[in-house]
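Worksheet: one structure, shown below.
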Amino acid sequence: MVKLKPEYYQNSDVIFLAQDLLGKILFTKKNEEITAGIITETEAYFGEADKASHAYGGLRTLRTEAMFQTGGYSYVYLCYGIHHLFNIVVSQENDPKSVLVRAVEPYEGLSVIESRRNRPASDKTISSGPGSVCKALGIDMKFNKKPLNGEEIWIEDSGLQYSQDDIASTPRIGVAYAGEHALLPFRFYLKKNRYVSKK
DNA sequence: CTGGCGATTCTC
DNA sequence: AGAATCGCCAGA
């Protein structure tokens with residue numbers, strides 16, 4: 001397998017990328033331990049015009065700064081004071097589009113993932129939900145604004161291909177405040193995979 | 001400076 | 001159903 005190249009992420013079609021990233025494999029290396037998961041669920045945030053995005057209206061602050069970088073970087077932030085959430089920044093510089101990774105299927109370093117989550121890898125809740133993904137793969141704020149083709153965190157192309165029939169789409173989770181954008185069907189997941197936050 | 005709240009999860 | 005828990009942002 002090969003790491004996805006920076007050009008892959010510089011596509012401005014975040015709706016396409018959110019679906020195309022399903023089946024790709026997210027790796028992290030922390031304390032010399034490598035863990036990885038197959039991406040099974042994503043959400044697309046389409047930038048300045050998206051009322052559900054942290055970058056709505058072009059809001060550029062210390063927190064959202066990562067999203068304004070060129071595609072191929074990470075955006076990690078803390079939610080509810082407890083949970084880390086991991087996003088893939090896409091498109092070009094100053095176009096703050098991103099893909100939130102909401103669930104993965106454990107792929108490598110299973111024993112490490114199991115001890116981080118204190119449950120067996122066969123339990124589908126081990127890495128379903130954006131906070132759980134980060135805990136399973138050891139992602140914290142130190143992983144913010146990192147290039148996704150580096151040595152700490154990266155994504156590989158598994159070669160898996162899916163058709164539209166394999167992918168379900170629903171409104172995004174937890175964005176009821178986003179007015180008319182709350183209902184847009186920009187959450188995507190693999191229908192046949194158990195490791196999804198909710199069907 | 002201060003107050004309210006969030007792209008959530010776990011436990012009761 | 002409710003708690004945990006804190007950084008971020010808006011408003012004063």
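- The phosphate of B/dA7 has neither OP1 nor OP2 within less than 4.0 Å of any side-chain N or O from A/Tyr80.
- In this structure, A/His83 atom NE2 and B/dT9 atom C1' are separated by 4 Å, rounded to whole Å.
- Within 4.0 Å (heavy atoms only), A/Ser132 reaches sugar-phosphate atoms of the nucleic acid but no base atom.
- Using a 4.0 Å cut-off, some side-chain N or O of A/Thr61 falls inside it from OP1 or OP2 of C/dC9.
- Look at CE on A/Met67: it is 14 Å from C1' on C/dC9, rounded to the nearest Å.
- Distance A/His84 NE2 to C/dG7 P: 10 Å, rounded to the nearest Å.
- When the nearest nucleotides of DNA chain B are assigned to A/Arg119 and A/Val175 by heavy-atom distance, the more 5′-ward of the two goes with A/Val175.
- Checking C/dG7, B/dT9, B/dC10 against every side-chain atom of A/Leu78, the shortest atom distance belongs to C/dG7.
- Within 4.0 Å of A/Arg63, counting heavy atoms only, lie sugar-phosphate atoms of the nucleic acid but no base atom.
- In this structure, the CD atom of A/Glu41 is 16 Å from the P atom of B/dA7, given to the nearest Å.
- Protein atom NZ of A/Lys135 is 7 Å distant from nucleotide atom P of B/dC10, rounded to whole Å.
- Between A/Asp140 and A/Lys30 a salt bridge is recorded (basic side-chain N to carboxylate O distance below 4.0 Å).
- Shown here, B/dC5 forms a base pair with C/dG7; the pair counts as Watson-Crick or G-U wobble because both key distances fall under 3.5 Å.
- Ring stacking holds between A/Tyr45 and B/dA7, with the centres under 5.5 Å apart and the planes within 30 degrees of each other.
- A straight line from CD1 of A/Ile173 to C1' of B/dG6 spans 15 Å, rounded to a whole angstrom.
- Distances were taken from every side-chain heavy atom of A/Leu59 (C-beta onward) to each of C/dG7, C/dA10, B/dT8; the shortest belongs to C/dA10.
- Around the NZ atom of A/Lys3, the shell of radius 6.0 Å holds more than 12 heavy atoms that belong to other residues, nucleotides or ligands.
- A salt bridge does not link A/Glu114 to A/Arg119: none of the charged side-chain nitrogens sits closer than 4.0 Å to a carboxylate oxygen.
- Sequence order on DNA chain C of the closest nucleotides to A/Ile82 and A/Met141 puts A/Ile82 first from the 5' end.
- Among the atoms of the strands shown, none is found under 4.0 Å from any heavy atom of A/Arg187.
- Under the ring-ring contact (aromatic ring centres under 6.0 Å, His included) rule, A/Tyr77 has a single partner from A/His83, A/His54, A/His84, which is A/His54.
- Distance CG (A/Leu85) to C1' (B/dT8): 7 Å, rounded to an integer number of Å.
- Applying the 4.0 Å criterion to OP1 and OP2 of B/dA7, one finds that A/His54 has a side-chain N or O inside that range.
- For A/Ile126 and B/dT9, the CD1 to C1' distance is 15 Å, given to the nearest whole Å.
- Classification of the A/Phe27-A/Tyr107 ring pair by plane angle, with boundaries at 30° and 60°, yields perpendicular.
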